[in-house]
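Shown next, in structure tokens, is the structure this report addresses.
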Amino acid sequence: MASSLPPDNHAIARVLVEIADLLEIKGENPFKIRAYRNGADTVSTCAETVASLTAAELVQLPGIGRDLAGRIRELIDTGAIAFHQELLAELPVTLLDLTRLQGVGPKTVALLYRALDISTLDELEAAARSGRLRGLRGMGEKKEALILKALDERKRHSGRHLLADTHDIAVAVAAHLRHAAPGTEFVPVGSLRRQSETCGDLDILAIGGEPALFDAFVGHPLVERVLGRGETKSSVLLRGGYQVDVRLVPPASRGAALQYFTGSKAHNIALRDMALSRGWKLNEYGLFDNATGAPIAGETEDGLYEALGMTFVPPELRENRGEIQAASARNLPRLLSLSDLRGDAHCHTDATDGRDTVEAMAMAAKAAGLSYLAITDHSRALAMTGGLDEEGALRHAARVREVSKRLDGIRLLAGIECDIRPDGTLDLAEDCLAQLDLVVASVHSAFGLDEAQMTDRILRAIESPVVDVLGHPTGRLLLRRDAYAVDMARVVNAAARYGVTLEINSQVDRLDLNDVHSRLARERGVKVVIDSDAHAQAGFGTLRWGVAVARRAWLSPEDVLNTRDVEGFLAGLRRNRSKQ
DNA sequence: GCCGTTTTCGGCCCGACTGTTTTCAGTCG
């Protein structure tokens, strides 16, 4: 059995980031800190398994020099980095929780720790509530309120995890279990199977196995604590705070167990209600006749739904949001699949904050099965990324078009992700934007506007004739930052009126639009585009998460603009529609 | 700490916004 697996790229990157965070709190040389962050970036986007590389090979990677290569090898060989351990001995690890609060950075954390000996979220909250923060330099009433708000957001998110992270954990745990119990089927259920944007606990169903498989489960190297070990169910807490439950069920209950443990609770209650009204009983073992106790269905999920007079309900729809009525009327939409996507309308290159060249991104998109890709680097307002001004944008566009001519099997479109300024005007002149193939307009600043101001700001951008797509429309960062205040009903209506496409941004911590707003878009006849917002060659893999949102939103291929071929896609853009 | 040399030092993405200031520090992207 695997005992000490080598750390994967993400695990290595996490340690490097932690070193950078701790150095930052210590007030170390900012360039040294950046070097650790760059190194972490390189490792996490590296296509190869970093743990398999020698020190000599490591220094070939960009941003990894002699020192970082040595530290990474040390981590792989010994399981830890002494320098990292020294830092942790010097500063409480809980300080890192504080830096993750919105609006609280390393300087503030250092000040709180030095002046008030605050090192945990609870201590910070107590200090803020008792007004002790106000005595500190640079801290006033508003800063105190900001910290309390950030603490509140943080509390609401605790114990939840991003869908993509949960998926990764599930894959790792399931692989371990399959290795230990080759004859048993393991299926992740619960919110992961429904592809919810965040997941709490991870539930895995073990179908047709022996209770001995729980020995392997609780012995997994990532297990921090065993919460329970029984004959049909065991629970553990993994490092990083994941609770994982494995339930063992007999093959005869396969369908019923899948159905029951996939949920959602609201969907299950509605189904049980239907069963009840027919004189049946539905539970995790099957569907039974109340009078005779005879089994009616339960071996397959299909059979279960069929017995209740419904077509199979895809897990993503099981939220009791009308799917039961639609499935009973045999009227569910044909949901979008990843393989329906033919293009991507949002990505970045090394011209701004992407890592890779136009050519490299094009080849990666092609390898991901796409036939067209819009290059949409940032506009000048995002100075930190080296955002392009009008001249830069047009020069970049000319280059993208020139590269596109030389490529086989993938067509590049010259676009831009143009900032929407706080007043709703665009960051670049209209005559420049009009010369591009498409414009994605996005908000990246002044998130604190009130709802009326923010809505006006976005409506003004939608009204601009050169805007084709509204990028990540609500600006949320999952588990980190709430959406800004905006009236999405008005935004969707305006998008319908002007023919603007709304983006589902597939970045794992954005998924923005969310499922509810995407469904609203569909109902109002607004087209959606599912974008990767890739910043590196590996970034196209996130499209599956955008597709998950679309499926939860009941979207069919015809609702999604980038399921069309490139001509159809271009024809559907606002700038070309208005010419018709 | 990395990188690229005009090879062993000196530069390294920087502007907007906020809240605290009275000229700026911290955070974010």
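Just so it is clear: chains get the letters A, B, ... in the order the sequence lines come, proteins before strands, and each one is counted from 1.
The A:Leu68 side chain lies nearest to B:dC2 when the options are B:dG29, B:dC2, B:dT27. When distances are taken from the side chain of A:Lys142 to each of B:dG1, B:dT27, B:dG19, the shortest belongs to B:dG19. Side-chain atoms of A:Lys143 lie closest to B:dT20 of the nucleotides B:dG26, B:dC28, B:dT20. In this structure, of B:dG26, B:dG15, B:dG1, it is B:dG15 that holds the atom nearest to the side chain of A:Ala383. Proximity note for A:Pro106 (side chain, C-beta onward) versus B:dC13, B:dG1, B:dT27: the nearest is B:dT27. Counting only heavy atoms from C-beta on, A:Arg34 has its side chain closest to B:dC13 among B:dC13, B:dT27, B:dT20. Across B:dC12, B:dG26, B:dG29, the shortest atom-to-atom separation from the side chain of A:Lys107 is found for B:dG26. The side chain of A:Pro422 sits closest to B:dC17 out of B:dC14, B:dG1, B:dC17.
Using a 4.0 Å cut-off, some side-chain N or O of A:Arg71 falls inside it from OP1 or OP2 of B:dG1.
Only the C1' atoms considered, B:dA25 is 8 Å distant from B:dT20, to the nearest whole Å.
A:Asn38 contributes no side-chain N or O that forms a donor-acceptor pair with the base of B:dG1 under 3.5 Å.
Legend: residues meeting side chain to side chain contact (heavy atoms under 4.5 Å, CB included) with A:Thr474, ordered by chain and number and at least two apart, are A:Arg476, A:Ala483, A:Met488, A:Asp512, A:His517.
Using cut-offs of 30° and 60° on the angle between ring planes, the pair A:His472 and A:His444 is perpendicular.
No salt bridge links A:Glu18 with A:Arg14; every basic N to acidic carboxylate O contact stays at or beyond 4.0 Å.
For residues 91-103 of chain A, the set of pairs meeting the side-chain hydrogen bond (donor to acceptor under 3.5 Å, both in side chains) definition, not counting sequence neighbours, is empty.
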